[in-house]
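Notes to accompany the following structure.
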Amino acid sequence: MNQHIDWWGSLNHSGLLIAPDKIAAGFAADLPALSTWQIDRLRRVLTSFDGSQERLSALLDFMLQGMAELPETEWFKAHSVSAAWSLRSFTGVMVKPRRLWLGPYGQALPVFVPEDSGSRQGAGRLGVGRSRHLLSRVVEWLRQKQQPLALVTNGRQWRLIHAGQDYEAWCEWDIDLWFVEGQPGPQVLAWRQLLSRDALAASSAQDKGR
């Protein structure tokens, strides 16, 4: 199978996040191989993830900084995220990213986490049960803030969402599928392709050009 089709097809999808003809043209055909340290560290953070807030924080750190290679100095976390990034939804609930990456040229990647992550209520699949409310609020947030992308995760599923004024689309990773026969699988490659600095910059530029 073509490598591009392989990593893109390994994800769960809804809507048209990226046109199929843009996959080969818009992303590198080959990426540098992960180092042994990166593979071992990925395996450890996945194995140790138990749904708790502490383990989720460690997983977020590694996936967003170690794997996506977005430097720690460009991230704002928890209370350091400015109130300007908050939105009161039409239901009256305050919606604010748990983390926020701001790139050097105006790019942004907000990361949202269900409030009940780390509890038994938050242990279900993303998009099922109470997490559906968060997903709808994130779509509202994207439209109101006019941002192209947001990442929503409970630690087990990771959903990258795009919302226009009259449509939405997303793709989703599942950590149970990140290793195949003991090695990082296509979903890990998809992460490195879609959450890279270049991909986020291109998404931001495309959105501003509309």
Which pair of non-hydrogen atoms, one from [X] and one from [Y], has the smallest distance, and what is that distance?
X    : Y    : answer
L134 : P114 : CD2-N, 3.5 Å
S86  : K145 : O-NZ, 3.0 Å
A150 : F112 : CB-CE1, 3.9 Å
R43  : G182 : NH2-O, 2.6 Å
L194 : L200 : O-CD2, 4.2 Å
H162 : P148 : ND1-O, 2.6 Å

Is there a path of hydrophobic side-chain contacts, each under 4.5 Å between heavy atoms of I, L, V, M, F, W or Y residues, that connects [X] with [Y]?
X    : Y    : answer
I175 : V111 : yes
L56  : L46  : yes
L102 : L195 : no
F27  : M67  : yes
V152 : V95  : yes

Which of parallel (below 30°), tilted (30 to 60°) and perpendicular (above 60°) describes [X] and [Y]?
X    : Y    : value
W85  : W141 : parallel
W191 : W173 : perpendicular
F62  : W37  : perpendicular

With ILVMFWY side chains joined below 4.5 Å, transitively, what does V180's cluster contain besides itself?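 Hydrophobic cluster check, V180: no partners found.
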Going by salt bridge (charged side-chain N to carboxylate O under 4.0 Å, His left out), name the residues that satisfy it together with R192, two or more places apart in sequence or in a different chain.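 Counting only residues at least two positions away or on another chain, R192 forms no salt bridge (charged side-chain N to carboxylate O under 4.0 Å, His left out).
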Looking at residues at least two apart in the chain, or sitting in another chain, which of them share a salt bridge (charged side-chain N to carboxylate O under 4.0 Å, His left out) with R55?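 Expected list: none.
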Could you tell me if the side chain of [Y] sits less than 4.5 Å from the side chain of [X], heavy atoms only?
X    : Y    : result
W8   : L17  : yes
E74  : P104 : yes
L42  : M63  : yes
L142 : L149 : no
L177 : S10  : no
P71  : R197 : yes
L64  : W101 : no
W170 : N12  : yes

Is there a side chain to side chain contact (heavy atoms under 4.5 Å, CB included) between T153 and L126 once you walk through the steps? CA-CA 7 Å; T153 183; L126 191 66; 5.6 Å; no
Please check: side-chain N/O of [X] versus main-chain N/O of [Y], any donor-acceptor pairing under 3.5 Å?
X    : Y    : value
E140 : F90  : yes
W75  : R99  : no
Q107 : Y105 : yes
S80  : K77  : yes

Without hydrogens or angle criteria, can the side chains of S196 and D198 be said to hold a donor-acceptor pair below 3.5 Å? no
Could you tell me whether the side chains of S57 and R98 share a donor-acceptor contact shorter than 3.5 Å?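 Distance-only check fails for S57 and R98.
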First locate atom [atom1] of [X], then atom [atom2] of [Y], and finally report the distance between them rounded to the nearest 0.5 Å.
X    : Y    : atom1 : atom2 : answer
S89  : Q144 : OG    : CD    : 10.0 Å
S131 : R159 : OG    : CZ    : 7.5 Å
R137 : T91  : CZ    : OG1   : 4.5 Å
R156 : L59  : CZ    : CG    : 9.5 Å

Does R132 have more than 12 heavy atoms from other residues, nucleotides or ligands lying within 6.0 Å of its CZ? no
Please determine whether a side-chain nitrogen of the Lys or Arg among D61 and R41 lies less than 4.0 Å from a carboxylate oxygen of the Asp or Glu.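 The answer is no: the pair does not qualify as a salt bridge.
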Quick check on side chain to side chain donor-acceptor pair (under 3.5 Å): which of R125, H13, Q157, Q187 does E172 satisfy it with?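 That would be R125.
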Assess the residue pair L11 and L160 against the criterion (side chain to side chain contact (heavy atoms under 4.5 Å, CB included)); give the C-alpha distance rounded to whole Å, side-chain angles, the decisive distance to 0.1 Å, and a yes or no. CA-CA 11 Å; L11 304 175; L160 186 65; over 6 Å; no
